[in-house]
Amino acid sequence: MDRSRPLLALLTATALAVPALTALSSAARAADADQLRNGGFEAGLDGWSCTANSGATVSSPVHSGSAALRATPAGSDNAQCAQTVTVQPNAQYTLTGHARGSYVYLGASGTGTTDVSTWTQSAPDWQQLTTTFRTGPATTKVTVYTHGWYGTGAYYADDLALTGPGGGSTTQPPAAPTGLTATTVTSTSVTLSWTPVAGATSYAVYRDGTRAQTTSATSATVSGLSPSTAYAFQVGALNDAGESPRSAAVTATTTAGTGGGTPGLPPHALVGYLHASFANGAGYTRLADVPDSWDVIDLAFGEPTSTTSGDIRFTRCPVTECPNVESDADFKAAIKAKQAAGKKVLISIGGQNGQVQLTTTAARDAFVSSVSKIIDEYGLDGLDIDFEGHSLSLNADDTDFRNPKTPVIVNLISAVKTLKARYGAKFVLTMAPETFFVQMGYQYYGTGKWGGQDPRCGAYLPVIHALRDDLTLLHVQDYNSGPIMGLDNQYHSMGGADFHIAMTDMLLTGFPVAGDPNNVFPPLRPDQVAIGMPASTNAGNGYVAPAEVTRTLDCLTKKTNCGSYPTHGTWPALRGLMTWSINWDRFGSWQFQRTFDGYFG
């Protein structure tokens, strides 16, 4: 948060490269036959199963015939289309196909020996791909697939063939399941049941178009869901010949649950920062003069005595800078009055000028001790972490957000857990990272696998993840930001509702970190998320008018009034809004507050 004037952070990172794969090629024996069904896609997607509804057939461009496959990667999905084929053990096969697009892969898995794939980095026109493999001594089926790469746009495939000895007769895929019903719905799970399908050996369960699990039963429970959120479910039937068309979709909305675990926080909260240690163009606002609409008040700021000391001090604005500042006694009395009215008052650590790097365990312990002293002296409800600039960055060998190694990350997590344990369930924990440290992690994480990226990319993710069970609110600063790629693999820029919708959808949907589908940052609960916006044009870059604030809330909580960004759910339990700052909103005649009150009542 900028205490003086907006600072536009235009941060860039080196693009990820894609590791090369070795291609093998071989001429097939003349006596062998093509074992793939519908390799030219003339019969639509018959025989093929594409992840996340990513595939479709098109009439142009085609390599031959009248149709080809077009598949579009999106979010955590690489748009894989696959077919399982019956083969013979200890037999040689040649897989060929024609591809068009960037980073298009053709491969085979389950070979029983070495799974193979080949790829083209860039094929503006049709390019033939070829690879070979030998099946293992017990292999009777393999899966042939084609897929693209995250964020590189649609690819095309046509005239795929698997040449080799036949493995005997195959059956047709089963019929689509019917009778799909949501039988039990909780705040975090939905139990489904459906009618058995003749010839099916198992069933694939899809949540919002993405396969969630496979089961041999005719019921399944999909867990790990967010409270008060609508989900769409489908089921497909499987056998050795492939997957059926999916069932009709059933929508279920999870129950509200128990909220965020913090007593007294309303279902929809307005969060604001109060300039408590300095004055700027907005002027000083006494805590007692903050209107009752503000549910969480972050006192800005506690700052370290030096960047690496961990020793945090909170110094109230001096009279020379803030002539109307209240006395310490009046300030503490105002805190008590706000708390008696059900409000939460926190100390915010950091801000633009307060760089905090807990590089040692001594700094960690000093942080715990000094922050505790501030909380105890003023009788505060908890802590807001507003680390900016170079406070958090990742070491080169720190590549897994679930198991961080970097001392400044590990020590911060440890310090906050200690504070949480000291104050118990009543402790309010909020965070206000910038988009560069969170959503940018969808594309880049730390220095990257090959180095050269900004080590701060995504550096808040391990902190958020480790503390997600203790976290009351995450309100990312959707301002002072450069363009950020959303889950639609399009860049979104500040200035309108779409930016806030895309950035918030990423938090509530989850996303693969640095495009790795095996390293997915799980979604937060909607009651843990508020949207950070500037209160006025004076407060920061990225201000949006009240109509855009309303459109943002409509789209995320009702899935109405949406723009170009396709959200992955509906979240009526979204906690609310955060702004920088209360002082700037007062300067702007309380426009931000009035927009919030008008929407949530």
Side-chain angles (χ1 to χ4, degrees), residues 1 258-277 287 290 294-304 310 312-314 316 331-332 334-351 354 356 358 364-387 391 411-433 460 463-464 466-477 524-525 527-530 532 575-582:
M1 309 286 185
T258 57
T262 304
L265 200 62
H268 300 294
L270 180 60
V271 182
Y273 286 79
L274 184 69
H275 309 177
S277 61
L287 180 56
V290 175
W294 300 89
D295 300 296
V296 180
I297 301 168
D298 294 320
L299 304 177
F301 290 105
E303 298 180 357
I312 307 299
R313 304 294 174 90
F314 174 55
R316 299 190 54 241
F331 187 72
K332 292 177 181 179
I335 292 173
K336 285 187 168 62
K338 290 295 181 186
Q339 291 168 333
K343 314 304 178 183
K344 306 296 180 184
V345 185
L346 316 180
I347 179 64
S348 180
I349 306 298
V356 182
L358 304 183
R364 175 201 66 192
D365 295 343
F367 183 89
V368 172
S369 175
S370 58
V371 171
S372 297
K373 183 177 180 181
I374 295 169
I375 291 173
D376 293 344
E377 179 180 354
Y378 290 96
L380 302 177
D381 295 289
L383 168 68
D384 173 69
I385 301 173
D386 185 16
F387 285 15
S391 293
N411 289 334
L412 176 60
I413 294 168
S414 175
V416 176
K417 283 187 174 291
T418 301
L419 288 167
K420 174 69 175 181
R422 175 173 296 184
Y423 293 102
K426 67 179 183 179
F427 187 75
V428 179
L429 174 63
T430 66
M431 300 184 195
Y460 246 97
V463 179
I464 298 168
L467 297 170
R468 63 173 55 238
D469 291 339
D470 301 314
L471 181 63
T472 308
L473 279 177
L474 177 72
H475 30 68
V476 175
Q477 300 178 37
L524 293 168
R525 301 190 316 267
D527 63 86
Q528 290 179 297
V529 176
R575 184 63 82 177
L577 300 177
M578 174 275 278
T579 195
W580 177 261
S581 61
I582 294 173

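Quantities reported herein were computed from a predicted structural model and do not represent experimental measurements.
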Trainee: Could you pull out the closest heavy-atom pair between Leu473 and Leu471, with the gap in Å?
Mentor: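 Taking Leu473 first and Leu471 second, the nearest heavy atoms are O-CD1, 3.3 Å.
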Trainee: Atom CG in Leu346, atom CG in Asp386: separation rounded to 0.5 Å?
Mentor: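 Here the rounded value is 12.0 Å.
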Trainee: Give the minimum heavy-atom separation between Lys417 and Ala466, together with the two atoms involved.
Mentor: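 Closest approach of Lys417 to Ala466: NZ-O, 3.3 Å.
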Trainee: Where is the tightest heavy-atom contact between Gly354 and Glu303, given as atom of each residue plus distance?
Mentor: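 Scanning both residues, the minimum pair turns out to be CA-CG, 4.1 Å.
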Trainee: Could you tell me whether the side chain of Leu412 reaches within less than 4.5 Å of the side chain of Phe387, counting heavy atoms only?
Mentor: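 Yes; the side chains approach each other to less than 4.5 Å.
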Trainee: Output yes when a side-chain donor or acceptor of Lys420 lies under 3.5 Å from a complementary backbone atom of Leu429, and no otherwise.
Mentor: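 Judged by distance alone, no pair lies under 3.5 Å.
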Trainee: Can you name the closest pair of heavy atoms from Ile312 and Ser370 and give their distance?
Mentor: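 Nearest heavy atoms, Ile312 then Ser370: N-OG, 2.9 Å.
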Trainee: Are any side-chain N or O atoms of Ser277 and backbone N or O atoms of Ala300, one a donor and one an acceptor, separated by less than 3.5 Å?
Mentor: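 Yes.
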Trainee: If you round to the nearest 0.5 Å, how far is CG of Leu383 from CG of Leu299?
Mentor: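 CG of Leu383 is found 11.5 Å from CG of Leu299.
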Trainee: Do Leu265 and Arg575 have side chains that get closer than 4.5 Å, going by heavy atoms?
Mentor: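 Counting from C-beta outward, Leu265 and Arg575 do come under 4.5 Å.
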Trainee: Nearest heavy-atom pair of Gly310 and Leu358: which atoms, and what distance?
Mentor: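 Minimum heavy-atom contact is CA-CD2, 3.7 Å.
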Trainee: Tell me if a side-chain donor or acceptor on Gln477 pairs with a main-chain N or O of Trp580 at a distance below 3.5 Å.
Mentor: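 No, the answer is negative, given that no donor and acceptor are paired below the 3.5 Å cut-off.
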Trainee: Could you give the distance from CZ (Phe301) to CG (Leu274), rounded to the nearest 0.5 Å?
Mentor: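 The CZ atom of Phe301 sits 10.5 Å away from the CG atom of Leu274.
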Trainee: Between Asp381 (side chain) and Val345 (backbone), is there a donor-acceptor pair under 3.5 Å?
Mentor: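 Such a contact is found between Asp381 side chain and Val345 backbone.
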Trainee: To the nearest 0.5 Å, how far apart are OG1 in Thr472 and CG in Asp527?
Mentor: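 Between atom OG1 of Thr472 and atom CG of Asp527 there are 9.5 Å.
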Trainee: Could you measure the distance from the OG atom of Ser391 to the CD1 atom of Ile349? Nearest 0.5 Å is fine.
Mentor: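 Ser391 atom OG to Ile349 atom CD1 measures 11.0 Å (nearest 0.5 Å).
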Trainee: Please examine the side chains of Val476 and Tyr460, heavy atoms only from C-beta on, and report whether any two atoms are closer than 4.5 Å.
Mentor: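 They are not in contact (no side-chain heavy atoms under 4.5 Å apart), so the answer is no.
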Trainee: Backbone N or O of Val463 within a donor-acceptor pair of the Arg468 side chain at under 3.5 Å?
Mentor: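 No; zero donor-acceptor contacts below 3.5 Å.
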Trainee: Which of these, Leu380, Asp384, Leu287, sits in a side chain to side chain contact (heavy atoms under 4.5 Å, CB included) with Ile297?
Mentor: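 Testing each of Leu380, Asp384, Leu287 against Ile297, the sole residue satisfying side chain to side chain contact (heavy atoms under 4.5 Å, CB included) is Leu287.
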Trainee: Side-chain contact test, heavy atoms from C-beta onward, threshold under 4.5 Å: evaluate it for Thr579 versus Leu577 and give yes or no.
Mentor: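 They are not in side-chain contact.
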Trainee: Tell me, do Ser372 and Val368 make a side-chain contact under 4.5 Å, heavy atoms counted?
Mentor: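 Side chain of Ser372 against side chain of Val368, heavy atoms only: contact under 4.5 Å found.
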Trainee: So does Met431 get a backbone contact from the side chain of His475, meaning a donor-acceptor N/O pair under 3.5 Å?
Mentor: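 It does hold such a pair.
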Trainee: Side chains of Phe427 and Asp470: does their closest heavy-atom pair fall under 4.5 Å?
Mentor: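 No, side chains not in contact.
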Trainee: May I ask you to test the Val356-Ile385 pair for a side-chain heavy-atom distance under 4.5 Å?
Mentor: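 A side-chain contact is absent here, since even the closest heavy-atom pair is not under 4.5 Å.
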Trainee: Any sub-3.5 Å donor-acceptor pair from Ser369's side-chain atoms to Asp365's backbone N or O?
Mentor: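 Looks like no, no N/O pair under 3.5 Å.
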Trainee: To the nearest 0.5 Å, tell me how far Ile335 CD1 sits from Lys344 NZ.
Mentor: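 It is 13.5 Å, given to the nearest 0.5 Å.
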Trainee: Check whether any side-chain N or O of Tyr378 sits under 3.5 Å from a backbone N or O of Phe331 as a donor-acceptor pair, and report yes or no.
Mentor: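 The answer is no, because no donor-acceptor pair under 3.5 Å joins these two groups.
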